[in-house]
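Quick note on labels: first sequence line is chain A, next is B, and so on, each numbered from 1.
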Amino acid sequence: MTTTSQNLLQPRVRFAPSPTGYLHVGGARTALFNWLFARHFGGTLVLRIEDTDLERSTPEMVEGILQGMRWLGLNWDEGPFFQTQRMEMYRAAAAQLVLSGHAYSCFCSKEELERRRQAAAAEGRPPKYEGTCRRIAREEAERRKAAGEPAAVRFAVPDSGSTSFDDAVFGKVEFANSELEDFVLLRSDGVPTYHLSVVTDDIDMRMTHIVRGADHISNTPKQVLLYQALGAPLPVFAHVPLILGPDKTRLSKRHGATSVMAYRDEGIVPEAFRNFLSLLGWTPPAGTPEVLGDAELVRLFGLDGISKSNAVFDRAKLDWFNTEYIRAYPAEKLWPLIQEEWTKAGVVPERTDEVWLFSTIDLLKPRARNLKDFATSFRAFFTDHYETDPAAAEKFLKDPALRQMLVELAGRYAALSEFSEAETEKVLRDFAAEKNMKAGALINGSRVALTGQGVAPSLFAVMVSLGKEKTVARLQKAGG
RNA sequence: GGCGCUAUCGUCUAGGGGUUAGGACGGAAGAUUCUCAAUCUUCAAACACGGGUUCGAUUCCCGUUAGCGCUACCA
């Protein structure tokens, strides 16, 4: 039997990244699915850092991954555990496997192995390890090791038969054992490889479900063999389809931002990112809307909704989710996120009273595409230190006569006692009629003069938000 | 190359032996005229191919093709 009954009431899952790079989109999605699964069932999410690749793992990347997890809002319940701090356990497991006859010492050097692989490739043979050292008697192997000869430990894969498992997403997957080679468990320097450390840890940490990328499907039979050799019950495997770039090849640097932190830098709201990511490879029950906040996601998530085919990362849709969240968020929720953008962009808001701030944010948010807009195109609402978009000025503010009109209009506004939307509009329209010019020209010109942008909310709402003093000053400034 | 997995609009997908094959993003057109990056309306857009099974396949089976994954003393 390849599966065992699992307790869905208290599932234990893990996210196990390797700190050889930042937290990328694919890893983030895997982390999210594990998080959703754990939260849905009230289970436990363990964070485990798989740093057994001593060459490529770095502390900076560990920090980068934790930072990514925090930005994504994916909290874990146990860990982070580091495999490099659990070396003794893997060595003990390897020793146990040698003792039970499931593994053996291999004295072939890396160079020798590489040479044989080349030769096999040249002859068109599969580059599989032939099991040379499997024939060395245990006593002799012990003697050679004692003499100081470096040795790795390999798993002795059965020569015949097959190994299968029931994947929660893909169903039954079966591999002929003859396709599997005697893979290395322990390197000659005593450091475990992936297969050994992952299985040892998953057993030790009592994982009930292994939710990971589909790129691990081919690795799974080796791990199943290890579970069996170690006498441990199998967890439920759930492989999730991969995320591809727009050209349908695996998502990589060539496709632009693959680090999740790049999305923070681009002004993406974490919850929007989670929503978008959740729908890459998973579909909620039929009839459910696509905009799903965390609570809904947690409530609806399940392994049965995971699809089998790879998904393309669609940036345009991410942006759409982002605008949906920015619009839906109340100003007070947007406020701290906006402050971060201001800090990054060096914007120092001139007014900080919440009533004004929140109403201005509410005025702006329907037109925001990302959080950065509040520090860039909306900048003029919060500070006098802003640039005017040359294209907008060219389009709406080019005419010198119009600019003079704006100065004159400023005078009318200066005399206004009630600075409301209705009043400011009336003043402008009366002025336009009096001067026999189109109100639209005045409105568009004023918009650029007031906001530095060609696109902004309704002009009179803008004026009220800015207040009389700024409106007058900026209109006057437009004159020259 | 070998092994494994996958295949519905451009993208994410629903569906399922008989449907006008549904939705969302994106796209196009129009409306609005106070801009559009807002809003509203409308439209275009898909079952990879070939064999079966069947009264009937997009759906089930086989094959082909394509894509992806694995094939390390990486994870």
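Between A:Arg187 and B:rA75, a side-chain N or O to OP1/OP2 separation shorter than 4.0 Å is present. Listed pair A:Ser446 / B:rC34 fails the phosphate criterion, with no side-chain N or O lying under 4.0 Å from OP1 or OP2. Phosphate contact (OP1/OP2 of B:rC73, side-chain N/O of A:Arg117, threshold under 4.0 Å): present. Contact annotation: A:Lys110 side-chain N/O to B:rC73 OP1/OP2 distance is not under 4.0 Å. Of the side-chain N and O atoms in A:Arg56, none sit less than 4.0 angstrom from OP1 or OP2 of B:rA75. Dashed line: the shortest gap from a side-chain N or O of A:Arg315 to OP1 or OP2 of B:rU11 is not under 4.0 Å. The phosphate of B:rC70 has OP1 or OP2 within less than 4.0 Å of a side-chain N or O from A:Arg250.
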Tell me which donor-acceptor pairs under 3.5 Å the side chains of residues 279-291 of chain A have, and how far apart each pair is, sequence neighbours excluded?
| unit_1 | atom_1 | unit_2 | atom_2 | d |
| --- | --- | --- | --- | --- |
| A:Trp282 | NE1 | A:Gly302 | O | 3.3 |
| A:Thr288 | OG1 | A:Pro285 | O | 2.5 |
| A:Glu290 | OE1 | A:Lys317 | NZ | 2.7 |

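Comparing B:rA14, B:rC34, B:rG69 against the side chain of A:Thr283 picks out B:rA14 as the nearest. Side chain of A:Glu290, nearest nucleotide from B:rA24, B:rC74, B:rU13: B:rA24. The side chain of A:Leu459 approaches B:rC34 more closely than any other nucleotide in the set B:rC34, B:rU13, B:rG69. With B:rU11, B:rC3, B:rC73 as the choices, the nucleotide that has an atom nearest any side-chain atom of A:Thr193 turns out to be B:rC73. For A:Lys317, the listed nucleotide lying nearest its side chain is B:rA24; candidates were B:rA24, B:rU6, B:rC73. If you check B:rA24, B:rG1, B:rC34 against the side chain of A:Arg447, the one that comes closest is B:rC34.
With values rounded to the nearest 0.5 angstrom, A:Ser105 atom OG is found 9.5 Å from A:Leu186 atom CG. Here A:Leu196 contributes atom CG and A:Leu97 contributes atom CG; the two are 7.0 Å apart, rounded to the nearest 0.5 Å.
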Provide a list of protein-nucleic acid N or O atom pairs under 3.5 angstrom, restricted to nucleotides 36-39 of chain B.
| unit_1 | atom_1 | unit_2 | atom_2 | d |
| --- | --- | --- | --- | --- |
| B:rC36 | O2 | A:Arg367 | NE | 3.1 |
| B:rC36 | N3 | A:Arg367 | NE | 3.2 |
| B:rC36 | N3 | A:Arg367 | NH2 | 2.5 |
| B:rC36 | N4 | A:Arg367 | NH2 | 2.7 |
| B:rA38 | O3' | A:Arg327 | NH2 | 2.9 |
| B:rU39 | OP1 | A:Arg327 | NH1 | 2.3 |
| B:rU39 | OP1 | A:Arg327 | NH2 | 3.2 |

Could you go over nucleotides 58-67 of chain B and give all protein N or O partners under 3.5 Å, atom names and distances?
none

query = Where do A:Tyr22 and A:Thr258 land on the side chain to side chain donor-acceptor pair (under 3.5 Å) test, with the steps shown first?
reply = CA-CA 9 Å; A:Tyr22 38 64; A:Thr258 52; 2.9 Å; yes
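Sorted by first then second residue, the side chain to side chain donor-acceptor pair (under 3.5 Å) pairs that include residues 306-316 of chain A, not counting sequence neighbours, are A:Glu266-A:Arg315, A:Arg315-A:Asp319.
Rounded to whole angstrom, the span from the CD atom of A:Glu112 across to the P atom of B:rA72 amounts to 16 Å.
Listed by chain and number, the residues in a side chain to side chain contact (heavy atoms under 4.5 Å, CB included) with A:Glu50 are A:Ala16, A:Arg48, A:Gln83, A:Tyr194, A:Val198 (sequence neighbours excluded).
A donor-acceptor pair under 3.5 Å links the side-chain atoms of A:Asp182 to the main chain of A:Val157, judged by distance alone.
Applying a 4.0 Å cut-off to non-hydrogen atoms, the residues of residues 17-32 of chain A that approach RNA chain B are A:Ser18, listed by residue number.
Between the side chains of A:Glu174 and A:Ser162, at least one donor N or O sits under 3.5 Å from an acceptor N or O.
Taking the six-membered ring where the residue is Trp, A:His102 and A:Phe155 present parallel rings, their angle staying beneath 30° rather than reaching 60°.
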